[in-house]
Amino acid sequence: MTLRFDKLGVVIAVIVAYAAFFASFATFRANRIVPGQARPILEALPPTLGMLLLTIVIVCGIVALLKTPLILRLAASVAALVALTILIGVAGGFLTPAGNTFARIAPASGFWLLIFAFTLLLADVLTRLNLSPWSRVGVLVLAALAIAALLVSGSWDSLSILKEYASRADSFWAEASKHVTLALGSLAGAMIVGIPLGILCHRVEKLRAAVLNVLNIIQTIPSIALFGLLIAPLGWVSVHVPGAAAIGVRGIGTAPAFVALFLYSLLPVVANTVVGLAGVPRAANDAARGMGMTDRQRLFDVEFPLAFPVILTGIRIVLVQNIGLATIAALIGGGGFGVFVFQGVGQTAMDLVLLGALPTVALAFAAAIILDAVIEMTATMRRVGTA
Amino acid sequence: MIEIEGITKRYDETTVVDNVSMVIEPRTIATIVGTSGSGKTTLLRMINRLVEPTSGVIKLDGADNRSLPGYQLRRSIGYAIQGHGLFPHRTVAQNIATVPLLLGWDRDRIKARVDELMTLYQLDPQAYGPRYPHELSGGQQQRVGVARALAAEPNVLLMDEPFGALDPIIRTKAQEDLLAIQKRFGTTIILVTHDMEEAVHLGDKIAVMDAGKLVQYAKPAEILARPASGFVETLVGASERPFRLLSLGHVRDAVEPGGAEGEAIPGDATQRDALAELLWSGRPALPVKGADGRLIGRVTVEGLVKRAARPQ
Ligand SMILES: Nc1ncnc2c1ncn2[C@@H]1O[C@H](COP(=O)(O)OP(=O)(O)OP(=O)(O)O)[C@@H](O)[C@H]1O
Ligand SMILES: [Mg+2]
C-alpha cells in the first residue's frame, strides 16, 4: 500500500508537530502582569490527560497528513478541537495553586497553533463538502452553542481571560452592546444614505465620478486622522445646534466614532449599488420599459432586485470592516471592545487585550459567514439567465 | 389601424429612420425586413414611444400616440423585444403576468390568463409556471417572451425578430402558432425580421427597409413580382431557393377550390410555370384542368407564394 499525502495536510501536520512537541501549551504567571513560564502539554495537564491529548493531536495530525476520506477528516478536526478546548480549561485548574487568586494561566502559542491547524482542517473539509448556505449557518450556530456551553459550564473559569472577564463582567456587556450598536448603526446609516446616493449616481452620470472620488478620498484618511478632523465640527454642532448635545453629539465620544464609521461605510455601499445597477441586463431594463413600467416601478421591481446581490456584497464588506474598525472608537472615548484592547495595551496585560480582541474577531467571522450565506441564497435565486 | 406619417429619427447627424410613411390595416400582419442596422427596431420602437421620433406622427386607431403618457401607451401595446428580455428574477408565470399586474387586473383573472397562454404555448402551467427563465430552453424562453407580450390582450402587437433564435422546425411551429393566435384574437401585428421567407410567409404586407428608408411596402406577391429597386431584388433573390423548389412541384398539388377566368393550365405543369404565367399576365388566379381536360379548381398567386415560402 502506498501512502499518499494531502497537500494542505502536510502543512497542518508540520504545524501540529511543532506545536505539540516544541511550543508551550499554557503559560503560568504569578500575577497578571509579570512575564510567564511556558508549560508544554505534558506539564500543563495531569499525566494521563496529557498523554491522551498528545495522542489525540498526533492521530488527528496523521489523519490530516494522509489522503483520507472527508468524513474521517471532519471527525478528526472536530475531535481535536473539542479535546483542545476542554483540556485547556483543565490545564487552567491544574496549574493554578490551590487558593491562589493572583496566578494567571493563559493558553500559549502551542495551544493557539493547534487550534489554528485544526480549524484550518475543519474549514478545508467544510469547503470540500460544498455545504448549502443554510448548513453553513447551521455549522456556525453549532460552534457558537458549543463555545457558549463551555463558557456557561465554567470549565474555562480558571483561565486568565475569564478572570479578566469576571472582574469586569458588567462593563464587558455594556461595551459589547456599544460595539455592536456602533457597527450596525453606522451600517444602517450608510445604507439609508448610500443606496439612494448610489441610485442617483447610476442615473446621473455626471455625479458618479465626483461622488465616488470624494468617497475614495475619505476611505484613504487614516481613522485617527479622521477622528481628529471630526472633533472640531462636531464640537461646534454640540454647542450651537439645540438638542445636539442632549442626544450625545460631542467632539469626542460615540458621535465622532459613529460619523467616521459611517463615512468609511459609504464607499462600499455606494460603489456596489452603482456597479449592481450597471450590471442589470439591458434587455431586462428594456423589457420593463416596453411593458409599460414607470421609472419608479422599473427601479423597485426590476433594477433593484437584480442589483441586490451585489449591493449585499457591499453591505457585507461594510459590516465586517465596521466590526473591526469599531475597536478604534475606544481611542476617543466611543466605547466598544476596543476599550479592553487599549486598557490591556496600557497595562501590558495581554489577557485584557484578548478579552477585547477575541469577541471582535468572532463577531466579524460570524457576520461574514452569515452574510455570505444570504448573498449566495439571493444570487442563486436571481441567477442571470438572459440570452 | 396604425398610421405612420413621415416619421424620421436622427441621432446627432445620422438619420436612422428617414421619412417613413405606411398604414397597417387592422387585424393584419405587416412584416418589416431589411439588413442589420437599417432602422427596423428603431421604427418599431417609435410606435410604442420607447424612442421619440425627431419628426412625424404615428396614429393608433386615429389617435396620436402622444396623447397618452408613454408608460400607459406601452401597457396597451404588446411588445416582444429582440432577444426575449425576460426578467431573470421572476418566474415564468410572473413574467407573463407583468402587464396585467400593471393594469391592476385581479388575481383570479391574471392566473386564468397566464394559464391560458401557457397552455396555448404548450408549456404546462404547473410544471413551467414556477420556473425561472434560466431553467428554460432558448425556444421556451422565446415563447414565454411572446406570451408575455400577448398577456393583456393587446390590439396591437410589436414583435422584434421574435423567432430569431429558434431552430427551423420550432421556428415553423412558432410561426403557425402566431398565425393561429392572430386569427383568433384579430390582433394587428408588426413583426420585424431579416428573413425574407418569414416576411413572405407571415406578412399580409411587407415593408422593405434600407438605410432608414422604406423602399417598398406592398403585398408579398407584389414584392416578389415587381421589386421596387435593386436592393429589394437582392433581398428577394436571397430567398430564391424556395422558388426553385416550386419548379419541383406540380400545379395539381397546389389546387384550391373555386374557378377563375381565362385559359386553364394543365395539372401536371410545374408550380413555377403557373406562377410565371400568373405574374406575367397580371391575373390573381388561373383555372386548372386535369389530365382528362376537366377543370379541377384554380391556383392563386397568394397560394403559390405561400407555398414557396413554406414548401409542404
Ligand atoms: N440610441 C442610439 N444612438 C445612436 N445610434 C443608434 C441608437 N439606436 C440605434 N442607433 C443606430 O441606428 C441604426 C439602426 O438601428 P436599429 O436597431 O433600428 O437597426 P435594426 O434594423 O433593428 O438592426 P438589426 O437587424 O441588427 O436589429 C444603427 O446604425 C444603430 O447603430
Ligand atoms: Mg433590430
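Quick note on labels: first sequence line is chain A, next is B, and so on, each numbered from 1. Side chains included, hydrogens not; waters and symmetry mates left out as well; all remaining heavy atoms used.
- When each of N285(A), D301(A), V302(A), L306(A) is tested with F87(B) by the rule side-chain contact (heavy atoms from CB on, under 4.5 Å), just one qualifies, namely V302(A).
- Residues of residues 27-43 of chain B never come closer than 4.5 Å to chain A when only heavy atoms are counted.
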Test log, rule side-chain contact (heavy atoms from CB on, under 4.5 Å), inputs R45(B) and D286(A): CA-CA 11 Å; R45(B) 288 159 72 92; D286(A) 218 41; 2.6 Å; yes

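- Dense packing is recorded around CG of L145(A), with more than 12 heavy atoms of other residues, nucleotides or ligands lying under 6.0 Å away.
- Residues of residues 95-108 of chain B lying under 4.5 angstrom from chain A, judged on non-hydrogen atoms, are T98(B), V99(B), L102(B) by number.
- With a 6.0 Å radius and a threshold of 12 heavy atoms from other residues, nucleotides or ligands, R10(B) has its CZ atom at or below the threshold.
- With a 4.5 Å cut-off on side-chain heavy atoms, M293(A) and R74(B) do not count as touching.
- Counting all heavy atoms, side chain and backbone alike, R75(B) lies closest to M291(A) at CG-O, 3.7 Å.
- Among residue pairs with one or both ends in residues 179-204 of chain A, those qualifying as ring-ring contact (aromatic ring centres under 6.0 Å, His included) are H179(A)-F337(A); sequence neighbours excluded.
- No more than 12 heavy-atom neighbours from other residues, nucleotides or ligands sit within 6.0 angstrom of CZ on F365(A).
- Across all non-hydrogen atoms, the minimal contact from A287(A) to G85(B) is CB-O, 3.1 Å.
- A heavy-atom distance below 4.5 Å is not found between the side chains of R289(A) and N48(B).
- For E52(B), the salt bridge (Lys or Arg N to Asp or Glu O under 4.0 Å) partners at least two apart in sequence or on another chain are R49(B).
- At a 4.5 Å heavy-atom cutoff, D295(A) makes no contact with chain B through either its backbone or its side chain.
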